[in-house]
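Data first, discussion second: the structure below is written as structure tokens.
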Amino acid sequence: MSTRDRNARAEQRTMTAALVWAVAYAGFGLACVLSRTSLSHLGGDGEGLEWAVMAVGVLAALTAGAVVRYGMRPALRVLLLSACALTGVMAFSLLMDVITLMLGQGVDSPASTANKALAAVGAVLLAATARSDRLPAVPAVPTGTAVPKASAAPRSVQLTAWAGTLAFLPYTAMKTYWASGGTFAGVTGEEMLAVSERNGASGIFLTLESWGLDPTALLAVLGVFLLWGLVRPWGQVFPRWTPFLRGRRVPRSLPLAPALLGAATLAPYGVVGIGYLALVTAGAVTMGRGDFPSEGGALLVGWIGITAFAVYGIALVVAARSYWLRTRSTA
């Protein structure tokens, strides 16, 4: 089978998968409407999001169906990209739910988490479908593909990775200081542990906290590890310090899947958060104290956390794009 035929079949499978997903997503929204299941992350009464999910699913289904039946057209591509953008918005904060589940805690709304997961899958399928028929023509004679050699990202990308790494230092220091029993922003480590327990933290989370290890700080370290794997050669070929795998190629999806999920969540969350904190700092809006004794303490902690998420999220976007380009197979 020629390369052209393989590409055509792969595109057809992607279009069909997008159509099946769209029908299922519309059905999910309709089921939530009929059962009065709220898709708000806080649960409670519906706020119209269920109708929006059904509408996006119907739009995606009609568009994907037209693509399968008539092929790609400019207007259909625009509709696909619009549906992709809408599902990307629906998937916002999925990473936060994933982290919550990884720490053994329950999410605020299982239905909301399911919606975000479905939306994330749909965004990928719709984006892939929108790219169909955009690939350059290839010869009918079968040709091989060359896997590029492992390489480091350009210097500018590595500098961005350093910025993402350094942005997490104040955050990890603050969380570790609390876990070790210190007092910061007017809150003691014991009070923070009590807050975590009151909010339903899992036994694993509380045990690590009692040992002086904050789980979110540990996740930040893993995030930095992922970031550098995207910009260094060992993110493409398993290095010598990985038993049984050394010298083998790293599957592209292994770092790219969590990187894209993290970038899609943390970058917009951080950027929007910085805008909100800037308004609070300027006195344009007020901010609740939460578990802190003063608004100033809550604002300080907010700046530390949101800045880390924003800078790291943007660095992850840049690093993931560089990794994507550097690991593409060449004909």
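Everything numeric in this text was worked out from a predicted model, so none of it was measured.
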Using every non-hydrogen atom in the two residues, find where Ala185 and Pro293 come nearest and quote the distance to one decimal.
O-CD, 3.7 Å

Tightest non-hydrogen contact, residues Ala83 and Leu59, listed as CB-CD2, 4.3 Å

If we only count heavy atoms from C-beta on, is the Trp303 to Thr281 side-chain gap below 4.5 Å?
yes

Looking at Leu169, is its backbone amide N or carbonyl O close enough to the side chain of Thr172 to form a donor-acceptor pair, meaning the two atoms are under 3.5 Å apart?
yes

Side-chain heavy-atom pair Pro255, Val250 within 4.5 angstrom cut-off:
yes

Looking at every heavy atom in both Lys175 and Ala217, which two are closest together, and how far apart are they?
CB-CB, 4.3 Å

Any luck finding a side-chain donor-acceptor pair between Arg232 and Gln158 under 3.5 Å?
yes

Relative to each other, are the rings of Trp162 and Trp228 parallel, tilted or perpendicular (30° and 60° limits)?
perpendicular

Are Tyr25 and Asn115 packed together at the side-chain level, in the sense that at least one heavy-atom pair is separated by less than 4.5 angstrom?
yes

First locate atom CZ of Arg326, then atom CZ of Arg252, and finally report the distance between them rounded to the nearest 0.5 Å.
10.5 Å

Closest approach of Phe28 and Val53, non-hydrogen atoms and distance?
CD2-CG1, 4.1 Å

Between the main-chain N or O of Met90 and the side-chain N or O of Thr87, is there a donor-acceptor pair closer than 3.5 Å?
no

From CG (Leu79) to SG (Cys84), nearest 0.5 Å
12.5 Å

Would you say Thr242 and Trp234 are linked by a side-chain donor-acceptor pair, where the criterion is simply a distance under 3.5 Å?
no

What's the separation between atom OG1 in Thr176 and atom CG in Leu218, rounded to the nearest 0.5 Å?
7.5 Å

Could you tell me the separation between the CG atom of Leu226 and the CG atom of Leu316, rounded to the nearest 0.5 Å?
5.5 Å

CD/Glu50 to OG/Ser38 distance, rounded to the nearest 0.5 angstrom?
5.0 Å

Side chains of Leu39 and Ser109: closer than 4.5 Å at any heavy-atom pair?
no

So does Trp211 have more than 12 non-hydrogen atoms from other groups sitting under 6.0 Å from CH2?
no

Taking the side chain as every heavy atom from C-beta outward, state whether Met287 and Tyr276 have any atom pair closer than 4.5 Å.
yes

Please answer: with hydrophobic residues joined when any side-chain heavy atoms are less than 4.5 Å apart, are Val124 and Leu86 in the same cluster?
no

Does Leu62 share a hydrophobic cluster with Leu81, counting links as ILVMFWY side-chain heavy atoms below 4.5 Å and allowing steps through other members?
no

CG of Leu125 to CG of Leu19, rounded to nearest 0.5 Å, is 11.0 Å

Is NZ or CZ of Arg246 both nearer than 6.0 Å to the six-membered ring centre of Trp241 and within 45° of the ring axis?
no

Are the side chains of Trp324 and Leu230 in contact, using a 4.5 Å heavy-atom criterion?
no

Hydrophobic clusters here meaning ILVMFWY residues chained together by side-chain heavy-atom distances under 4.5 Å, can you tell me if Ile274 and Leu266 are in one?
yes

Tell me whether Leu219 is reachable from Leu227 by hopping between hydrophobic residues (I, L, V, M, F, W, Y) whose side-chain heavy atoms are closer than 4.5 Å.
yes

Apply the test side chain to side chain contact (heavy atoms under 4.5 Å, CB included) to residues Val280 and Glu295: give CA-CA distance (whole Å), side-chain angles for both, the deciding distance (0.1 Å), then the verdict.
CA-CA 10 Å; Val280 174; Glu295 182 179 330; 3.8 Å; yes

Minimum side-chain heavy-atom gap Leu126-Trp21 below 4.5 Å:
yes

Say whether, by atom type as modelled, one donor and one acceptor occur between the side chain of Gln236 and the main chain of Pro233 under 3.5 angstrom.
no

Hey, any chance Tyr171 and Phe184 share a hydrophobic cluster, counting ILVMFWY side chains that come within less than 4.5 Å of each other, even indirectly?
yes

Which atom pair, heavy atoms only, marks the closest approach of Ala22 to Ala61?
CB-N, 3.3 Å

Test side chain to side chain contact (heavy atoms under 4.5 Å, CB included) on Tyr323 and Val231 and set out the steps.
CA-CA 7 Å; Tyr323 186 90; Val231 301; over 6 Å; no

Flag, side chain of Arg289 to backbone of Ala298, donor-acceptor distance under 3.5 Å:
no

Please answer whether the main-chain N or O of Val318 pairs with a side-chain N or O of Ser322 as donor and acceptor at a distance below 3.5 Å.
no

Here the pair of heavy atoms bringing Thr129 nearest to Met72 is O-CE, 3.2 Å

Say whether Tyr177 and Asp214, considering side chains only, have a donor N or O and an acceptor N or O under 3.5 Å apart.
no

Look at the rings of Tyr269 and Phe309 and say which category their plane angle falls in: under 30° parallel, 30 to 60° tilted, over 60° perpendicular.
tilted

Sidechain-backbone polar pair: Thr160 side chain, Ser156 backbone, donor-acceptor under 3.5 Å
yes

Would you say the side chain of Val311 lies within less than 4.5 Å of the side chain of Thr307, judging by non-hydrogen atoms?
yes

Taking the six-membered ring for Trp, are Phe168 and Tyr312 parallel (under 30°), tilted (30 to 60°) or perpendicular (over 60°)?
tilted

Got a donor-acceptor contact below 3.5 angstrom from the Thr188 side chain to the Glu191 backbone?
yes

